[in-house]
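Below is one structure; the comments refer to it alone.
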Amino acid sequence: MAAHMTPEEFRRYGRQVVDWIADYQERIEKYPVLSQARPGEVLASLPVHPPEQGEGYENVLADLERIVMPGITHWQHPSFFAYFPANASGPAILGDLLSAGLGVQGMLWATSPACTELETRMADWTAELLGLPAKFRSDGPGGGVIEDSASSAALVAILAALERASGGRAGRDGLTGRHTLYVSSQTHSSLEKAAKITGIGTARVRTVDVDPATLAMDPAHLDALIAEDAAAGLVPTLVCATVGTTSTTAIDPVAAVGEVCRRHGVWLHVDAAYAGVAAVCPELRWLNDGLAEYADSYATNPHKWLLTNFDCNLLWVADRGPLTGALSILPEYLRNRATESGEVIDYRDWQIPLGRRFRALKLWSVIRWYGAEGLREHIRTGVALAQRLAGWIRDEPGFVLFDHHPLSLVCFRPAWDGLPEDEADAATLRLMERLNASGDLYLTHTKAGGRVLLRMAIGAPATREEHVRSAWRRIVEEARAIEREAAAR
Ligand SMILES: *Cc1c(COP(=O)(O)O)cnc(C)c1O
């Protein structure tokens, strides 16, 4: 007979787990930022076969220390500057725990009205916090939904765009090989993946030119590509503009791109996965330029820079009709009076899977704990630290700063004077590998203008100026060491 954990046992172990997490937060700086585990090392520490008999939970906690922790890269470490941040925070962790505790599966309004209605309110709250246009509010034809990721949001937006462009036929008759998508070389790879998933096909994804300096999409080239495809009898279906690209936080000119979309009747999806949440600060509201007039859908990730544990993406649409048209199916076993009344939202019709977690709880916890003021302060801290770092890089002889750094990502490289470009790029990568292997900090790279750049993304809640400063000192030190070694050879 299964021995379920009793509430009393849960209380005991639960306290241990919460204590463990709090201890982790206190000692996080003692770990090397990047896990030093070699491939297969964690796997080799795990028994090959599952246990026949159950065991005490203390064994799991002990193995967490022994087996799991060496294989952890510490995303919440104050010296984590890789990719983009994936913020966790106390209130978000507690919100997620409550969600697990309730164990709700929120596929329909009827399967827990609070799961749906809290989510609706959180989408509206967040739209207000970010100063998003009224058309995204849920009391009109549009509305917002929490998806698992910006990738899903893009996929869902494409399905809605296909529904609209085909007058509802795409979902019924399948695609005819004529629908086209428009991205730039800087657009997130999830769009290409979505082209594969939807059956549009990567061969029908057009790559719009970018401005060589800012890496922003060129609306005139977009216009030409769409016109060419339309003339050839194709169906231009969706343009993805990005506000804050993954590589360098380039900002596509949403209004100019939107103007082109409107003229050709093409769906405009705006991907602001990382940068969008920064609009919580009024001085950064320029991030929203063009949304009110032109965006059909807009997505941003509170799970990156807005203190809400992964996963939490917000997707808003100006008109929910094409979205639910594309995704709604009502089998007999899900029929219920609330759905049939048309008075409620069933978010299963706004996403790919049927089932859904109660993610609104963690967003609610975060927004109430920090308030708009606290959220703004968090974003401003990240932006200010990044601008300070950019200043140090600019002032350091032998380093090249990438000019565009409006938010909290800064890209740069050592100049490596005298080295040919390919050797210089190899040296930049070697520098990154040595820094990351040291465990002192973690940063990643990109390529822009044909050159390898290091990316430092600031935004972990624990990051303070001293962490950025000592990371920068380590980078300069290590670059000088590589230069000396090269000179000695
Ligand atoms: C991070 C990122 C994504 C992907 O986000 P997920 O939520 O992990 O799918 C998409 N677009 C941009 C611009 C990003 O920076």
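All heavy atoms count here, side chains included; hydrogens, waters and symmetry mates do not. In each ligand, atom 1 is the first atom listed, and ligand 1 is the first ligand listed.
No salt bridge links Arg320 with Asp349; every basic N to acidic carboxylate O contact stays at or beyond 4.0 Å.
Across Thr246, Thr300, Asp311, Asp271, heavy-atom proximity to atom 11 (N) of ligand 1 is greatest for Asp271.
With sequence neighbours excluded, the residues satisfying ring pair (Phe, Tyr, Trp, His ring centres under 6.0 Å) with Trp75 are Phe80, Tyr83.
Shortest contact from atom 7 (O) of ligand 1 to any protein heavy atom: Ala150 N, 2.7 Å. Atom 10 (C) of ligand 1 has as its closest protein heavy atom His188 CG, 3.2 Å. Nearest non-hydrogen protein atom to atom 1 (C) of ligand 1 is Lys304 NZ, 1.5 Å.
Every N/O-N/O distance between Ser190 and ligand 1 stays at or above 3.5 Å. Checked against a 3.5 angstrom limit, the closest N/O atoms of Ser151 and ligand 1 fall inside it.
Using a 4.0 Å cutoff on heavy atoms, Gly244 counts as a contact of ligand 1. The closest approach between Asn313 and ligand 1 stays at or above 4.0 Å for every heavy atom of the residue.
In this pair, Phe399 and Phe412 present their aromatic rings tilted. The plane angle is within the 30 to 60° band.
For ligand 1, the atoms sitting less than 4.0 Å from at least one non-hydrogen atom of His303 are 7 (O), numbered in the order shown with element in parentheses. Which parts of ligand 1 touch Phe84 is read off a 4.0 Å heavy-atom cut-off, strictly below it: atoms 15 (O).
Figure legend: Arg413 and Phe402 shown without cation-pi pairing, the cationic atom not lying both under 6.0 angstrom from the six-membered ring centre and within 45 degrees of its axis.
In terms of modelled atom types and a separation under 3.5 Å, the side chain of Arg348 and the main chain of Ile329 share a donor-acceptor contact.
Each of Arg204, Arg206, Arg178 was checked for a salt bridge (charged side-chain N to carboxylate O under 4.0 Å, His left out) with Asp229, and the lone residue meeting it is Arg206.
Under the 4.5 Å side-chain criterion, counting only non-hydrogen atoms from C-beta, Ile21 is not in contact with Val18.
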